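Whatever order the structure lists them in is the order used to number ligands and atoms, beginning at 1. The model shown is predicted, which means the values in this text are computed figures rather than measured ones.
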Amino acid sequence: MSEPSRFLSLLTGSFSTPAGENPTVAMVEAAYRELGLNARYINCDVSPCALVDAVRGARAMGWAGFNCSLPHKVAVIEYLDGLAESAALIGAVNCVVLREGRLIGENTDGQGFMASLRSVADPSGQQVVVFGAGGAARAIAVELALAGAAQVTIVNRDRARAVELAALLNERTSARAAAATWGTGYRVPEGTGIIVNATSIGLSPDVHARLALNVDSLQAGMVVADVIPNPPRTELIRDAVTRGCTPLDGIGMLVNQAVIGIEHWTGRKANASVMRAVLEELMDKAGEPN
Ligand code: NDP
């Protein structure tokens, strides 16, 4: 494979469907421009039955790597040559990296969340509540446990999924984990330091949707994180601010997972502020409440 040169760009991109509203391309290409790299990020709408050919195409064209978004995060694994440790534990891949001719699956969702979280808190020794047990929750719960969180409680609508994720954490990490149900208004237990909404509640267009959470149980000083990037000021983030908690919006996670992906593909550290500004401008133009 040739090195990138004047007329030959380093190629990266994303495979998902639907892909039309995915803003990652704007953020990543802004980062490449700022770094002065001759690199491109191509947003591709790839159906499940075309995924195998898309991966083969990326391999044939010498792509440095690509993101996989819904619905390919699990399905892509069978077309790869290996998995990084946390991706294997999580059982899903959102970032593929070409290393010495082998396509290796990484999961940067949870790592992106952790980079964002570490800007405000150290999860080590903390009691954490994670709402959700889907792909994002799985990635975040595994990374929190690997980072030394003492207790992780998984609260999910479908209890069986919460039980399964809690069992994974208990079996494969040093964290203590438990499953809990929502009830009519979940009360965050005393002593909790971090809560994370990793469900899709609050995502545009259903921007005023709320978790079944007793807001009075949010204590000042708790970190309240939301994975929802659009809009970033969800009802949960607004409640957190009102209650004197430290809010952490979903844009930080989205930017940081891309920073990590870019580093895997190019070896360069991208400017997170430039990337965040691109996303915020796009969301302002979309007229989301802030
Ligand atoms: P999944 O479909 O895998 O999981 C969805 C989760 O949300 C499940 O736990 C589901 O519960 C729960 N849920 C959905 N609707 C409701 C509801 N009405 N009431 C209670 N629970 C509900 O999706 P992902 O985990 O992949 O994504 C979740 C969110 O995370 C998305 O909105 C996505 O945009 C965001 N995300 C953000 C990223 C970022 O970088 N900021 C990165 C990745 C994802 P149940 O199991 O009971 O169905």
Steps toward salt bridge (Lys or Arg N to Asp or Glu O under 4.0 Å) verdict (Arg210, Asp239) = CA-CA 10 Å; Arg210 282 176 177 274; Asp239 288 341; 2.5 Å; yes
By side chain to side chain contact (heavy atoms under 4.5 Å, CB included) - contacts of Ser86 (at least two apart) =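 Here the qualifying residues are Ile90, Gln111, Glu143, Leu146.
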Restricting to pairs with a member in residues 159-178, which pass side chain to side chain donor-acceptor pair (under 3.5 Å), not counting sequence neighbours?
->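 For residues 159-178, and leaving out neighbouring residues, the side chain to side chain donor-acceptor pair (under 3.5 Å) pairs sorted by first residue read Gln151-Arg176.
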Atom pairs and distances, ligand 1 N/O vs protein N/O under 3.5 Å:
unit_1   : atom_1 : unit_2 : atom_2 : d
ligand 1 : 3 (O)  : Gly135 : N      : 3.0
ligand 1 : 7 (O)  : Ser200 : N      : 3.4
ligand 1 : 9 (O)  : Ala133 : N      : 2.9
ligand 1 : 9 (O)  : Gly134 : N      : 3.4
ligand 1 : 9 (O)  : Asn156 : OD1    : 2.8
ligand 1 : 11 (O) : Asn156 : OD1    : 3.2
ligand 1 : 18 (N) : Arg157 : NH1    : 3.4
ligand 1 : 25 (O) : Gly135 : N      : 3.0
ligand 1 : 25 (O) : Ala136 : N      : 2.7
ligand 1 : 40 (O) : Leu254 : N      : 3.3
ligand 1 : 41 (N) : Val227 : O      : 2.8
ligand 1 : 41 (N) : Gly250 : O      : 3.0
ligand 1 : 46 (O) : Asn156 : ND2    : 2.8
ligand 1 : 46 (O) : Arg161 : NH1    : 2.7
ligand 1 : 47 (O) : Arg157 : NE     : 3.1
ligand 1 : 47 (O) : Asp158 : N      : 2.9
ligand 1 : 48 (O) : Arg157 : NH2    : 2.9

Let me see the working for Asp216 and Arg187 under salt bridge (Lys or Arg N to Asp or Glu O under 4.0 Å), right down to the final yes or no.
-> CA-CA 8 Å; Asp216 292 338; Arg187 280 196 71 83; 6.0 Å; no
List in chain and number order the residues that pass side chain to side chain donor-acceptor pair (under 3.5 Å) with Asn107, two or more places apart in sequence or in another chain; answer none if no residue qualifies.
->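 Partners of Asn107 under the side chain to side chain donor-acceptor pair (under 3.5 Å) test: none.
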Using the six-membered ring wherever Trp is involved, compare the ring planes of Phe131 and Tyr186 and label them parallel, tilted or perpendicular (cut-offs 30° and 60°).
->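 Judged by the thresholds at 30° and 60°, the geometry between Phe131 and Tyr186 is perpendicular.
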